[in-house]
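This report refers to the structure that appears directly beneath it.
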Amino acid sequence: MSEVASYAVRDGVAVITMNNPPVNGLGNALRAALQKNFERADNDGSVKAAVLIGSAKAFSGGADIREFGKPREKPDLPDVNDRQDAMQKPLVAAIGGFALGGGLELALACHYRVAAPRAQLGLPEVKLGILPGSGGTQRLPRVVPMAEAVQMMTTGNPISAEKAREFGLVDEIVTGDLLEGAISFAKQKVGKPLPRIRDRSVKLTGDPKAFFAQVREHVAKASRGYPAPLEIVACASAAATMPFDEGRKFEREAFARLVETNESKALRHAFFAERQTSKIPDVPEDAPLRPIGKAAVIGAGTMGGGIAMCFANAGIPVTIIDTTQEALDRGVSKIKANYAATVAKGRLTQGEMDKRMALIHPNVNLGKAADADVVVEAVFERMDVKQDIFRKLDGIVQQGAILATNTSTLDVDQIAAATTRPQDVVGTHFFSPANVMRLLEVVRGKRTDHGVLATTMKLGKTLKKVPVVSGVCDGFIGNRMLEKYGQQSLFLLDEGCTPQQVDAALARFGMAMGPFTMYDMAGNDIGWEIRKRRYAERPDFVYSRIADRICEQGRFGQKTGKGFYKYEPGNRKPIPDPEVEKIISQYRNELKITPRQISDDEIVARCIYALVNEGAQILDEGIALRASDIDIVYLTGYGFPPFRGGPMFYADTVSLAKVLASIESFQKGYQGAAWKPAPLLVKLAKEGRRFNP
Ligand code: NAD
């Protein structure tokens, strides 16, 4: 009996149970235990068949990805699979919950698979930039029709037990007790020939050449520069054309190549980084959580409506409050329209929409927030208005409730100071549209209580967000960095670029959209308001005034049909506009700038290193807890390309010394005074270190 896998005999059937919580990850110890137990079942004279089972939740979640890139301890998973193939007695996988990645490969190397109705089977490796490296690409298309197998492996999406049974991936669905069902299934197979997937041919009719040419073309388009999907197609094609063992070798080599790519390292970094964000060093894991059964949202505008939807989606009743019935009606009808659009797309049932709408209670009376466990304020971005609301809430809302503000720029401590309970005040910075965007910056005030912070992080997860802690500062993590990025994008126009050139370079780098397309979408008037405030408050910040000139012409972006681009009515496609080029060139003339040719590499370095440099400063000030939190902010809130792992991880892959050298060269260029290398960047670069350990 081993700790991670147990062995018992029931009615002549060996039962090997994986017991490696939480997901039966196939780390060294479990692999070794499985190898030993398969051996034992084969040699055990009292045994005629064997069943391999996990927990009700997880047959197995697959490889322990922490072991990637480290020296592999034997036996590795292919060794275990070889041992399974060598079994002289029927071996049945009994899949209760999910069988994913290496977990499914383990099941594929059994003679049979039975599953509970709720089981999920999939090969999600592609999501981490790799491929199933233990025969998955070779075995799956020998059971599941090739087109479906390729689809499963290149999207990484799992299939249900029922679908798996249709494909033949599962032999039988067990509706009663899974183990009992698996044992009786195994007993029926005693004495029958042992069906090994490796001995079958792939399920592909027609000409493989034509089939794979078409698949390659389709996958190349969908994979946008990620190498793993095409490598998966190559492996599937190898399965169709090579003997099994050669195909496995081919797969192994492709796996080894992919593990070393920056894309895969970045995706794995993001996977771990996302799981790190809720660890707060000075907040104990067992900080007392406050129960959240009821919520209130103040302000039924763009953000308030989206935030109320988040609560309703999570099944939490929410009162939404605005000053006038008219504002409230407008907000509620937007929410309704939003849900209705999702219903129309077939992604929500009418019944579910009705249930969610019934959880949203509109009211004009602030007093209705009294019994809420959490109140999120999303009114106008003005300190006097927010302080007034918090002062009133302090007098109204039950003690122990969390008072949260959705401010994007204001000082959370000042807002908290308007109450007699600053320990209960926290920032919850949702991103627009709040019901869609995954990022939630949780802003920790000077006096925010540990339990309030821990509860807000947990609430973020309940609302299906990725919560990241930020200290109080202007713009918090994301927008503070974005300001520096925006500053460079405008300087690039001064110096010779067009908006479309800057956007194209950053889109090619992988950003979801370039900065000027983004400004036009968000509304240029918002940035203009902020800059006007900055001109007065922060004379030390240097700005190009081009964006102001654009705004002075009423070019506020998509909403006015013109911004840095022009737009045709009803169409969001940005069209380069000679008018804008005229405004830019006039500005250059005034400043006596002779435009120069600027390379895409310089555009990317100027904008992205501006993010990195400010990120380093934010890290140094303790505004962000760790470099990977900054990466998650950019990956989930700002369209940073996942295959680059976030700005800080990207800087690590470039090397901090090179990033610093580039910044030092920018200091000698146009508006060089705007560049001040962050002391932390300088220090780490000198020591040859990275942001992410
Ligand atoms: P909005 O103008 O769309 O909505 C504000 C709503 O608050 C209006 O319906 C208004 O009637 C209501 N309101 C004003 N005073 C009130 C009061 N005393 N009591 C109750 N309701 C009152 O604004 P928005 O875009 O939803 O922004 C709200 C907050 O969210 C701001 O602090 C903003 O900075 C922040 N924010 C906005 C975005 C964004 O992209 N729009 C993103 C993140 C954060």
Side-chain angles (χ1 to χ4, degrees), residues 296-310 318-335 338 360-370 372 375-397 403-412 414-415 418 425-443 460 463 465 467-468 470 472 474-480 482-483 518-530 533 556-559 633 636-639:
V297 173
I298 318 298
T302 312
M303 295 307 288
I307 297 167
M309 287 173 78
C310 295
V318 53
T319 304
I320 181 163
I321 297 166
D322 210 303
T323 43
T324 63
Q325 191 60 44
E326 195 195 344
L328 213 48
D329 291 346
R330 209 180 316 122
V332 172
S333 63
K334 272 212 185 116
I335 295 177
N338 231 321
I360 300 175
H361 307 284
N363 212 291
V364 288
N365 177 3
L366 197 61
K368 293 287 177 193
V375 181
V376 182
E377 164 279 312
V379 305
F380 303 137
E381 185 74 346
R382 275 180 40 197
M383 183 55 85
D384 55 340
V385 180
K386 304 234 186 229
Q387 283 191 325
D388 180 52
I389 298 238
F390 272 75
R391 203 171 293 118
K392 288 182 181 143
L393 287 173
D394 191 20
I396 293 171
V397 183
L403 305 180
T405 170
N406 187 48
T407 180
S408 31
T409 53
L410 301 174
D411 184 337
V412 174
Q414 264 186 46
I415 297 174
V425 177
V426 67
T428 47
H429 185 213
F430 288 80
F431 286 71
S432 183
N435 55 313
V436 175
M437 295 295 288
R438 293 176 70 224
L439 177 61
L440 175 69
E441 282 181 326
V442 174
V443 186
L463 301 185
K465 303 290 169 202
V468 176
S470 170
V472 174
D474 196 339
F476 312 128
I477 298 172
N479 285 344
R480 176 169 155 186
L482 193 70
E483 184 157 3
M518 179 178 75
Y519 304 145
D520 273 2
M521 206 168 115
N524 294 315
D525 47 330
I526 296 177
W528 197 21
E529 280 308 313
I530 296 176
R533 212 169 72 203
F556 291 164
Q558 283 186 15
K559 60 183 166 192
V633 165
T636 56
Y638 293 85

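What you see is a predicted model; the values in this text were computed from it and never measured. As the structure lists them, so they are numbered: ligands from 1, and atoms in each ligand from 1. What's counted below: heavy atoms across the whole structure, side chains too, no hydrogens, waters or symmetry copies.
In this structure, Ile415 and Met383 have side chains that are in contact, with non-hydrogen atoms separated by less than 4.5 Å. The side-chain heavy atoms of Phe390 and Ile298, taken from C-beta on, include no pair separated by under 4.5 Å. Looking at heavy atoms from C-beta onward, Glu381 lies out of side-chain contact with Ile526 at the 4.5 angstrom threshold.
Here the side chain of Glu377 pairs no donor or acceptor atom with the backbone of Leu403 at under 3.5 angstrom. Between the side chain of Asn406 and the backbone N or O of Phe430, at least one donor-acceptor pair lies under 3.5 Å.
A salt bridge links Lys559 with Asp525: the distance from a Lys NZ or Arg NE/NH1/NH2 to an Asp or Glu carboxylate oxygen falls below 4.0 Å.
There is a protein heavy atom closer than 4.0 angstrom to atom 4 (O) of ligand 1.
No part of Phe431 comes within 4.0 Å of ligand 1, judged by heavy-atom distances. When non-hydrogen atoms are compared, ligand 1 lies under 4.0 Å from the backbone of Asp322 as well as from its side chain. Counting heavy atoms closer than 4.0 Å to ligand 1, residue Leu366 contributes nothing at all.
Close N/O approach between His429 and ligand 1 is not found [any backbone or side-chain N/O within under 3.5 Å].
A heavy-atom separation below 4.0 Å is not found between Glu377 and ligand 1. Ligand 1 does not have Arg330 within reach: every non-hydrogen atom of the residue lies 4.0 Å or more from it.
Near Thr323, meaning under 4.0 Å from any of its heavy atoms, are these atoms of ligand 1: 16 (C), 17 (C), 18 (N), 19 (N), 20 (C), 21 (N).
Evaluated by nearest non-hydrogen atom to atom 29 (C) of ligand 1, the leading choice among Ile298, Val379, Thr428 is Val379. For the residues Lys386, Glu326, Met303, the heavy atom positioned nearest atom 24 (P) of ligand 1 is part of Met303.
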